[in-house]
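Since the structure is predicted, the reported quantities are computational estimates derived from the model, not experimental observations. One-based numbering along the sequence shown.
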Amino acid sequence: MSNWDVIVIGLGGVGSSAAYHVAKLGQRVLGLEQFTPAHDRGSSHGETRIIRQAYFEHPSYVPLLKRAYDLWDQLEQETECDLFERTGLVEMGPATGVVVPGVLACAAEHQLTVQEWSRASVREKWPGLEGDPDWKFVVEHNAGFLRVESCVRAHLAMAMRAGATLRFEQPVVDWRISGDTVEVITDQGIERADQLVIAGGAWSEQLLSDLRIPLQILRKQLYWFEADEGQFGLEAGFPCFFHETPAGYFYGFPSIHGSGMKIARHSGGIPLERPQHCDQQDDEDRALCEAYLKKYLPGVSTRLLAQASCFYTSTPDENFIIDRHPKHSNVTLIAGLSGHGFKFSSVLGEIASQLAVGSIEPELELFQLDRF
């Protein structure tokens with residue numbers, strides 16, 4: 001007999017949301033996490049993540065994003081926490097590049113409000129934010145950032161309020177199928193459930209080793225540089241930004257109450273065989289980010305206030321995996337978010353609950369496992 005209706009492995013961005021949404025359906029839920037709540041060992045930490053709807057990566061993400069926006073707004077209301085800051089987002093790059101043409105095409109297809117601005121208008125509105133003279137510039141006002149650790153804590157709190165049992169610092173050793181039941185082996189014993197949701201982030205390949213999913217783990221760096229709060233601060237109205245440059249993709253955030261301007265490179269990263277926390281610096285990455293600052297945000301200091309690392313867990317096509325296990329229909333997996341998944345975690349948790357409990361069958365063709 002099962003101890004639980006549903007077990008969720010991993011309580012980061014997606015897993016915390018899944019635990020909440022499954023518990024909200026009246027299920028007996030156990031959430032298991034190998035680290036502490038809202039930890040800094042995976043992919044769901046580092047103060048902020050950009051959220052946007054005009055998705056240059058693929059227009060099929062937009063329906064998910066519209067639902068994600070609704071769910072983030074609901075979560076703010078339910079918890080009375082400040083989670084989603086609509087700062088606006090400036091995206092810029094070559095007219096023949098990937099980002100700006102993709103944003104405009106997506107906005108046209110889904111009737112999203114995105115404005116084309118001139119370089120002069122951007123510089124006038126936000127002095128210190130630069131782009132090349134021949135670039136195009138687009139502004140999405142209904143975009144901004146999520147306060148990432150607060151989002152995870154909010155989902156965890158709501159999961160517990162809905163009746164979920166959450167256990168931290170309890171690593172999962174393995175899982176197996178026994179008849180109609182899923183058995184999850186932890187370092188403290190065996191738990192049994194009718195359904196299993198695997199939201200293991202960078203540990204997904206280990207948890208799903210039988211499937212040989214082609215996932216690439218990358219260690220990415222995040223930097224906070226000293227910046228004038230009166231010019232580059234959140235309270236001064238500075239936006240989030242994304243540059244498509246000859247040296248790759250870079251993005252950043254306004255300084256939040258003196259924390260410094262957070263900058264990171266969406267391109268690159270150090271490939272890893274297994275996820276492992278490491279404080280080692282990536283000198284090449286930092287040099288590229290400093291060069292980017294000097295050219296495109298010349299008023300920001302290169303004096304480093306803080307830095308952190310996180311993981312991208314990428315699929316070959318950089319689209320998510322959202323599916324049931326091909327051999328076990330009572331095992332749901334969400335993996336390979338490829339460095340652009342946190343903004344979706346509210347809706348991915350809801351989808352996980354739908355797949356596990358069978359309340360609705362979502363449209364997931366782009367994200368199915370059999371494409372590999």
Side-chain angles (χ1 to χ4, degrees), residues 13 38 40 44-54 65 68-69 71-73 75-77 79-92 103 113-115 117 121-131 137-155 220-243 249-266 289-290 292-308 310 340 342-346:
D40 64 354
S44 300
H45 63 278
E47 191 177 69
T48 51
R49 292 291 188 280
I50 288 175
I51 180 167
R52 53 197 165 87
Q53 285 191 347
L65 284 161
Y69 268 56
L71 290 170
W72 288 123
D73 289 341
L75 189 63
E76 279 195 319
Q77 293 168 10
T79 61
E80 297 183 344
C81 293
D82 181 15
L83 305 176
F84 183 173
E85 195 77 47
R86 283 173 168 83
T87 62
L89 170 67
V90 183
E91 295 171 277
M92 59 203 93
V103 167
T113 301
V114 171
Q115 298 175 342
W117 284 36
S121 297
V122 169
R123 297 172 83 187
E124 181 180 359
K125 174 70 174 177
W126 299 291
L129 183 59
E130 295 287 350
F137 301 76
V138 291
V139 178
E140 183 176 352
H141 291 289
N142 191 29
F145 66 79
L146 295 166
R147 299 178 186 272
V148 58
E149 288 92 349
S150 295
C151 290
V152 173
R153 292 191 188 99
H155 273 136
K220 307 289 292 188
Q221 300 295 323
L222 312 170
Y223 306 97
W224 286 261
F225 292 99
E226 187 176 56
D228 177 2
E229 204 74 12
Q231 180 177 1
F232 298 106
L234 174 64
E235 298 300 322
F238 206 77
C240 296
F241 47 90
F242 193 106
H243 287 77
Y249 298 132
F250 296 80
Y251 65 95
F253 306 80
S255 177
I256 302 172
H257 306 308
S259 64
M261 178 171 279
K262 179 183 170 187
I263 300 291
R265 192 163 65 107
H266 187 56
C289 284
E290 289 182 353
Y292 160 74
L293 272 184
K294 289 174 182 176
K295 184 168 185 180
Y296 298 110
L297 290 142
V300 176
S301 169
T302 55
R303 178 172 175 262
L304 189 65
L305 299 181
Q307 71 179 92
C310 67
H340 62 112
F342 189 87
K343 64 182 76 67
F344 295 88
S345 55
S346 60

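Between Glu149 atom CD and Asp40 atom CG the span is 8.0 Å, to the nearest 0.5 Å. The structure places CD of Glu140 at 10.5 Å from CD1 of Ile50, a figure rounded to the nearest 0.5 Å. Atom SG in Cys240 sits 12.0 Å away from atom CZ in Arg49 (nearest 0.5 Å). Atom CD1 of residue Ile263 and atom CZ of residue Phe253 lie 9.0 Å apart, to the nearest 0.5 angstrom. For the atom pair CH2 (Trp72) and CG (Leu83), the distance works out to 7.0 Å, reported to the nearest 0.5 Å. From Arg265, atom CZ reaches atom OH of Tyr249 across 13.0 Å, with rounding to the nearest 0.5 Å.
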*Does the side-chain contact (heavy atoms from CB on, under 4.5 Å) test come out yes or no for Leu129 and Phe238, once each step is laid out?*
CA-CA 9 Å; Leu129 183 59; Phe238 206 77; 3.9 Å; yes
*Do Met261 and Phe241 pass the side-chain contact (heavy atoms from CB on, under 4.5 Å) test, and can you show the C-alpha distance, the side-chain angles, and the key distance before you say yes or no?*
CA-CA 11 Å; Met261 178 171 279; Phe241 47 90; 3.7 Å; yes
*Does the pair Phe84 and Leu75 meet the rule for a side-chain contact (heavy atoms from CB on, under 4.5 Å), with working shown?*
CA-CA 10 Å; Phe84 183 173; Leu75 189 63; over 6 Å; no
*Could you go step by step and tell me if Glu85 and Arg147 meet the side-chain contact (heavy atoms from CB on, under 4.5 Å) rule?*
CA-CA 8 Å; Glu85 195 77 47; Arg147 299 178 186 272; 2.9 Å; yes
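Under a 3.5 Å cut-off, the side chain of Gln115 and the backbone N or O of Val138 do not form any donor-acceptor pair. Side chain of Gln231 to backbone of Pro127: a donor-acceptor contact under 3.5 angstrom is found.
His243 pairs with exactly one of Phe137, Tyr292, Phe250 by the ring-ring contact (aromatic ring centres under 6.0 Å, His included) rule, that one being Tyr292.
Classified by interplanar angle (parallel below 30°, tilted 30° to 60°, perpendicular above 60°), the ring pair Phe242/Tyr251 is parallel.
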